[in-house]
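One is the number of the first residue; the rest follow in order along the sequence. One-based numbering, in listed order, for ligands and for the atoms of each.
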Amino acid sequence: MCGIVGYVGEKPAAPILIDSLKKLEYRGYDSAGICVLNDSLKTYKTTGKIVDLESILPQGIEGTIGIGHTRWATHGKPNTVNSHPHLSRDIAVVHNGIIENYLELKENLIGDGYIFKSETDTEVIAHLLHSHLYGGSDGQSKKCDLITAVQKTLRMLEGSYAIAVLCGSEPGLMIIARKDSPLVVGIGDGEIFAASDVTSFLQHTRNVVFVDDNEVALIRNGSVEFFDADGNPVTKETTKIEWDIEAAEKAGYEHFMLKEIHEQASSVHDTFAGKISEMEGTVILDELNISDEQIRHMSRIEIIACGTSWNAGLVGKYLFEQLAGIHTDVDTGSEFRYGYPVVCGEVLTIAITQSGETADTLAAVRGARSYGCQAIAITNVVGSTITREIDSVLYTRAGPEIGVAATKSFTTQLITLYMLALKFARIRGKMSAEDSKNLLVALKKIPADIQKILNNKAVIQECARQFADAEDYFFIGRHLNYPIALEGALKLKEISYIHAEGYAAGELKHGPLALLTDKTPVVAIATKGHTYDKMLSNIKEVKARDAIVIAVANKDDTEIEKYVDVVLRIPRTHELLSPILSSVVLQLLAYYTALERGCSIDKPRNLAKSVTVE
Ligand code: AGP
């Protein structure tokens with residue numbers, strides 16, 4: 001998730017762009033850049049934060065029209081070359097989103113004589129715009145006007161984009177466009193702002209027009225005209241924003257955690273976008289530097305992680321063993337690093353870490369590598385320490401996660417593990433193309449399934465309110481739902497401060513059952529699958545001790561309500577994928593419980609977002 005800004009007015013553009021970018025830094029900040037149009041395009045880019053960009057700008061940059069970008073890298077390392085704006089001769093573009101077919105487009109453009117400088121998908125947009133405007137890499141005269149070149153380019157893009165475009169030979173004109181990536185226009189007094197969200201220009205104007213998918217807008221002479229994908233003029237409404245800046249950063253949500261829970265439909269989509277070949281029933285993970293031969297002969301997988309990432313790793317264990325037939329161990333970084341692990345070159349180590357900076361995980365992976373293990377990382381932060389100490393990196397594309405409690409980073413870690421396990425299963429001949437296709441078809445529906453849960457969150461909020469005074473909570477599940485029980489307990493305890501324990505449901509009778517009273521809520525993850533009947537038995541065990549049972553169950557399950565006090569529903573999906581949906585329910589349960597208890601949700605006591613020390 002990056003941030004783009006644009007300005008067309010009568011004041012010097014550079015300071016306005018810098019100030020606007022500073023307001024978007026929470027969206028991503030590994031590199032930044034601006035481009036100002038005066039008699040020509042002047043571009044300034046650097047790695048680091050906006051203040052680093054500001055420090056390299058000359059005084060008094062002339063030009064009252066410009067674009068800017070703050071980057072959260074998804075393609076290509078955070079460095080100056082990869083930072084935006086990206087140029088193609090006298091065209092400059094900034095972009096937020098993911099172009100899924102950029103490799104194919106890049107190949108064609110190179111064939112047409114274009115020379116790429118960066119590793120990004122965005123540079124493809126710049127060269128495509130040039131190609132349409134001037135007829136090819138050596139074109140000198142325009143073949144069409146800029147908006148036509150933009151429309152032709154957009155029709156070739158697959159994926160998501162919010163872009164702002166300048167052309168050196170079109171003074172005073174900025175063109176913006178969006179598809180599946182936020183873009184808003186601020187209407188000032190004789191000046192127009194464009195940005196990924198309103199926070200960047202609220203101090204200038206609260207009159208906002210929200211750009212819709214497949215719309216293009218021409219901004220010039222202090223006004224803006226909107227067009228649909230076919231070039232037909234579109235009339236848009238202006239909205240007055242009443243939010244303050246802080247509320248706007250949370251897009252109107254009360255907390256970053258709630259905003260990030262709601263971002264999961266898109267972050268899950270972005271994580272698998274461009275990686276699933278439904279027809280062949282395979283997964284494309286070009287960034288994985290492991291040969292098929294190594295995958296076939298892999299004897300064991302060692303997953304190393306902490307906290308929520310460790311819970312994700314436990315889901316990975318079940319997936320690698322069930323789908324790919326590879327024995328998998330999961331260790332916390334703090335235990336592995338001081339243990340005496342039996343690992344060697346035949347063992348694949350997988351580090352799972354949202355931040356890429358967790359000290360225990362880093363130390364453990366260094367240890368594993370010293371034993372000769374090949375190592376890959378699943379992380380959310382491009383350029384983080386783990387990415388520089390590993391053989392392959394698989395990036396989750398959750399965007400910055402501000403809330404201390406991991407939410408969208410967890411579900412995108414799961415998505416990555418499903419893709420990896422399926423890839424290994426297919427290469428090892430453990431999964432048929434048919435079974436793989438069925439799983440991938442269901443996986444592509446997960447964003448919509450998550451949205452259905454979010455649309456029905458009132459039921460979860462009511463349940464949270466009902467039991468917010470509980471002193472103890474239990475979470476139980478079996479097989480793939482056991483790690484979700486652990487994650488549900490972790491979410492609840494870390495933000496609501498209620499003592500909560502996650503257990504394998506079959507373990508209750510070996511001790512924990514003694515703790516249950518008629519005031520103990522027990523969350524039972526009882527989604528349809530091969531352990532469903534056993535879960536029903538566990539639920540009856542719990543009810544026989546008068547405890548309260550809150551079931552997480554499939555929407556079409558008409559049996560479960562006979563045995564429990566509350567049912568929280570998830571849409572019916574592939575049995576293997578239901579843990580992803582159940583985890584969203586439990587995130588909301590934890591959030592609304594903490595809200596009811598008046599806790600500090602985004603910054604819970606005693607906790608840090610990234611534990612970079614032992
Ligand atoms: C979970 O909500 C916490 N934020 C914490 O357990 C976190 O998952 C853990 O510290 C690991 O962080 P990492 O994924 O950045 O390595």
Side-chain angles (χ1 to χ4, degrees), residues 72 255-261 263-264 267 271 303-316 330-337 349-366 368 375-390 393-417 475 483-498 500-502 583-584 586-591 593-594 599-614:
W72 179 274
H255 298 97
F256 276 113
M257 182 181 176
L258 187 60
K259 173 173 176 271
E260 287 152 6
I261 288 172
E263 284 174 344
Q264 289 180 109
S267 55
T271 299
I303 296 175
I304 298 172
C306 300
T308 284
S309 297
W310 185 89
N311 292 332
L314 197 51
V315 173
V330 192
D331 282 290
T332 58
S334 54
E335 283 302 302
F336 186 92
R337 66 184 293 191
T349 300
I350 301 178
I352 305 176
T353 167
Q354 185 284 131
S355 62
E357 303 296 346
T358 299
D360 284 327
T361 303
L362 291 172
V365 169
R366 287 167 191 147
I376 67 177
I378 297 175
T379 188
N380 192 42
V381 183
V382 177
S384 58
T385 302
I386 192 81
T387 64
R388 298 194 293 277
E389 303 187 10
I390 214 88
V393 185
L394 298 177
Y395 285 113
T396 52
R397 289 177 178 158
E401 190 174 65
I402 312 295
V404 165
T407 50
K408 59 180 184 173
S409 62
F410 177 69
T411 45
T412 52
Q413 287 169 349
L414 295 187
I415 295 297
T416 307
L417 287 162
F475 291 76
I484 305 305
L486 295 175
E487 176 57 11
L490 176 59
K491 284 283 94 51
L492 187 71
K493 72 180 94 173
E494 70 176 317
I495 63 170
S496 75
Y497 313 147
I498 293 175
E501 299 206 32
S583 66
V584 176
L586 300 186
Q587 290 166 0
L588 288 167
L589 181 64
Y591 174 81
T593 301
C599 296
S600 163
I601 292 172
D602 283 335
K603 295 178 181 147
R605 68 186 180 204
N606 309 334
L607 299 180
K609 181 59 187 170
S610 176
V611 184
T612 56
V613 294
E614 271 205 77

Top protein contact for [atom], by heavy-atom distance:
atom	result
atom 2 (O) of ligand 1	E494 OE2, 2.5 Å
atom 16 (O) of ligand 1	T358 OG1, 2.5 Å
atom 5 (C) of ligand 1	T308 N, 4.2 Å
atom 10 (O) of ligand 1	V611 CG2, 4.0 Å
atom 4 (N) of ligand 1	V404 O, 2.7 Å
atom 9 (C) of ligand 1	C306 O, 3.8 Å

Exercise. Hey, does S309 come in under 3.5 Å of ligand 1, counting only N/O atoms on both sides?
Worked result: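 Yes; the residue has a nitrogen or oxygen that sits under 3.5 Å from a nitrogen or oxygen of the ligand.
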Could you tell me whether the side chains of [X] and [Y] share a donor-acceptor contact shorter than 3.5 Å?
X	Y	result
T407	K491	no
Q264	T411	yes
E401	S409	yes
T271	T412	no

For this session: Mind checking the CD1-SG spacing from I498 to C599? Nearest 0.5 Å is all I need.
Result: 8.0 Å
Exercise. Is it true that A405 lies under 4.0 Å from ligand 1, counting heavy atoms only?
Worked result: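 Yes.
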Exercise. For ligand 1, is K491 a contact, meaning one of its heavy atoms is under 4.0 Å away?
Worked result: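 Yes, K491 has a heavy atom closer than 4.0 Å to ligand 1.
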Exercise. So does K609 have more than 12 non-hydrogen atoms from other groups sitting under 6.0 Å from NZ?
Worked result: yes
Exercise. Can you list the atoms of ligand 1 that are under 4.0 Å from a heavy atom of Q354?
Worked result: 13 (P), 14 (O), 15 (O), 16 (O)
Exercise. For ligand 1, which atoms have a heavy atom of A406 less than 4.0 angstrom away?
Worked result: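 So the answer, numbered in order with elements, is 1 (C), 2 (O), 4 (N).
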Problem set entry | salt bridge (charged side-chain N to carboxylate O under 4.0 Å, His left out) involving E260 - partner list, sequence neighbours excluded |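 Checked E260 against salt bridge (charged side-chain N to carboxylate O under 4.0 Å, His left out); zero matches.
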For this session: Mind checking side chain to side chain donor-acceptor pair (under 3.5 Å) for T396 and listing every partner two or more places apart, or none if nothing turns up?
Result: N380
